[in-house]
Amino acid sequence: MIVIKHLVKQFGSLRAVDDVSLTVGRGKVTVIIGPSGSGKSTVLRCINHLETPTSGEIWVDGIHLTHDAKNINAVRAEVGMVFQQFNLFPHLTVLENVTLAQRVVRKRSEAEAREIAMQQLTRVGIPEKANAYPSQLSGGQQQRVAIARALAMNPKIMLFDEPTSALDPEMIKEVLDVMLELARSGMTMVVVTHEMGFARNAADEIVFMDRGRIVEQNTPEEFFTNPREERARAFLNQILR
Amino acid sequence: MSLTTGPQQSAAIPLDPTADRSAQGRFVDRMSQWPWWLLIIVFFGVLIVWNAMTSELYSAIFSRLLLGIGVTIFTTLVAYSLAIIIGLIAGLGRVSQNPIIFNIATLYVQVIRGVPILVQLLVIAFVIVPIVIDGINLLGSALAPILGGDNFLTRTKPQDVPFLTRSIIALAIAYGGFQAETFRAGIQSISKGQMEAARSLGMSYLQAMRYIILPQAIRRVLPPLGNDFIAMLKDSSLVSVLGVRDITQEARLYASASFRFLETYTSLAFLYLTMTIVLSLGVKWLENRLNSEGRAQG
Ligand SMILES: Nc1ncnc2c1ncn2[C@@H]1O[C@H](COP(=O)(O)OP(=O)(O)OP(=O)(O)O)[C@@H](O)[C@H]1O
Ligand SMILES: [Mg+2]
């Protein structure tokens, strides 16, 4: 579970995240939405310390995130992240993509890593691509490999930063289906997305951000039918139009 | 500094469906595609080799030059290997977030780039190597109570270091500076997302470098590194100013004794040219191979 208290992230004079506090319970799915530049990615990236917070505190599964490299690596191994641009390793096959971190971080044997990799590739529906290179896959397949790569580390939490935004429309569903299955299996997830259907179906809580702040935090039913905040209403009108 | 093999001859010309040219036009096309420059070099090469075999003077010159070929090749290979190691370490320093490491690496690269390589050779051979050896000797005498007066630290004196060794050290340090920038550019050409993905999987910075960034970066910089090897072969001729008997030094000695400057130096130039052309064809081949591999892997 994740606890964020008074998180601030400053880029020069720009306050990308401005006093955000948020708790994500075990097994819960939180979807963050909001206009471009509102600080959604930055919050996500602070959770696994890809960005160093300017101030505020973050606990991930009871571990306090400090500048201590040991803590950071401990947290990162427990937190999987999926990026908009997939970021598969192009010089490695799909199987190597999924086994590498298991071997060098988790210190698993080659055979064990391979077995877990094949389980996860089967879970995301593309075990037959194990020996392909990323460039030989479609975007949707690449993103599913990226999800399998993160899951193979047995993370306690998964972070998704607009995982379907770089995909052609016909591939979005195959990725969302994998995410939906993951949510149902009880994974703790924080998802930044513009896919309102997914938010409605999978989220336990919707967090609406604007200009670095959390403007509204609500259940999906309430949020989509009866948003409390004017800005959230305006955003929904725009996106659901 | 790289020699290119000119426009590639490919099957694309005759296969081009829009090419509706006369046979004569195609002939002219094909003739202009030929690497004529290579033919001319080969022609002169044959001439010189023929000379070397038939003329007593040329065969004397060549057998003299070949005395130095071992030194030239040895110097190039060893200095280049050391330069790769130095360059890789300094290149990693140039992309380091640690300000101390970054500044040391940058200082090194800037100094190397700002001083002519011949001057570097002189400074390293006559100033830096003696100072370092003196320093080691001094350390040895300071440790005399523990190690004894005549220990491994005091035994080597500056004059014991051969000029071949000094030349190799100097060339390695000089080229390490250039290669540091090659490695830096290679590392920085890999998208930031690669490092982030590796880190988010729990890899340390060094693990991410080793398994993710460097394998991609090195593949990208292989052609420039190959060109550096060719440049190193040519610059190894500078060691002759230190009296190291590579092919250039042998040529100088022979020419000044026989006054056959034209024949000697032409042969010398031809010898370098032969080696560099062969190597540059090798680099070209490597480039093509990497390109076709790159297409398979994206
Ligand atoms: N490394 C950085 N350096 C400087 N400014 C940055 C950096 N990263 C993000 N920002 C700025 O911080 C603000 C918040 O960025 P962030 O990426 O978190 O927004 P976002 O809500 O994810 O937007 P989007 O929907 O476009 O992805 C933006 O104005 C962005 O330009
Ligand atoms: Mg974003």
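Values below: every heavy atom of this structure, side chains too, minus hydrogens, waters and symmetry copies. A note on names: the letters A, B, ... follow the listed sequences, proteins ahead of strands, and every chain is numbered from 1. Note that this is a predicted model, so its numbers are computed, not measured.
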task = Identify the residues of residues 173-204 of chain B whose heavy atoms come closer than 4.5 Å to a heavy atom of chain A, ordered by number, or report 'none'.
result = B:Gly193, B:Gln194, B:Glu196, B:Ala197, B:Ala198, B:Arg199, B:Ser200, B:Leu201, B:Gly202, B:Met203, B:Ser204
ask   = Any residues in residues 87-101 of chain B near chain A, with a heavy-atom distance under 4.5 Å, and which are they?
value =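 Listed by number: none.
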task = Answer with side chain, backbone, both or neither: which region of A:Phe89 has an atom nearer than 4.5 Å to a non-hydrogen atom of chain B?
result = both
task = With a 4.5 Å cut-off on heavy-atom pairs, point out which of A:Leu88, A:Thr93, A:Leu159, A:Val82 contacts chain B the most.
result =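 So the answer, after comparing A:Leu88, A:Thr93, A:Leu159, A:Val82, is A:Leu88.
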When A:His49, A:Met153, A:Arg45, A:Arg76 are compared by non-hydrogen pairs under 4.5 Å with chain B, the top option = A:Arg76
ask   = Which salt bridge (Lys or Arg N to Asp or Glu O under 4.0 Å) pairs, counting each pair once, include a residue from residues 99-111 of chain A, with sequence neighbours left out?
value =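 Non-adjacent pairs meeting salt bridge (Lys or Arg N to Asp or Glu O under 4.0 Å): A:Glu78-A:Arg106, A:Arg103-A:Glu110, A:Glu110-A:Arg114.
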remark   = Correct closest heavy-atom pair for A:Val104 and B:Gln207 would be O-NE2, 3.3 Å
Just distance, no hydrogens or angles: give the donor-acceptor pairs under 3.5 Å from side chains in residues 53-63 of chain A, sequence neighbours left out.
residue: A:Thr54; atom: OG1; partner: A:Gln10; partner atom: N; Å: 2.8
residue: A:Glu57; atom: OE1; partner: A:His64; partner atom: NE2; Å: 2.9
residue: A:Asp61; atom: OD2; partner: A:Lys156; partner atom: NZ; Å: 3.4

query = Counting only heavy atoms not in A:Phe11, do more than 12 fall under 6.0 Å of its CZ?
reply =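 Counting other residues, nucleotides and ligands, CZ of A:Phe11 exceeds 12 neighbours.
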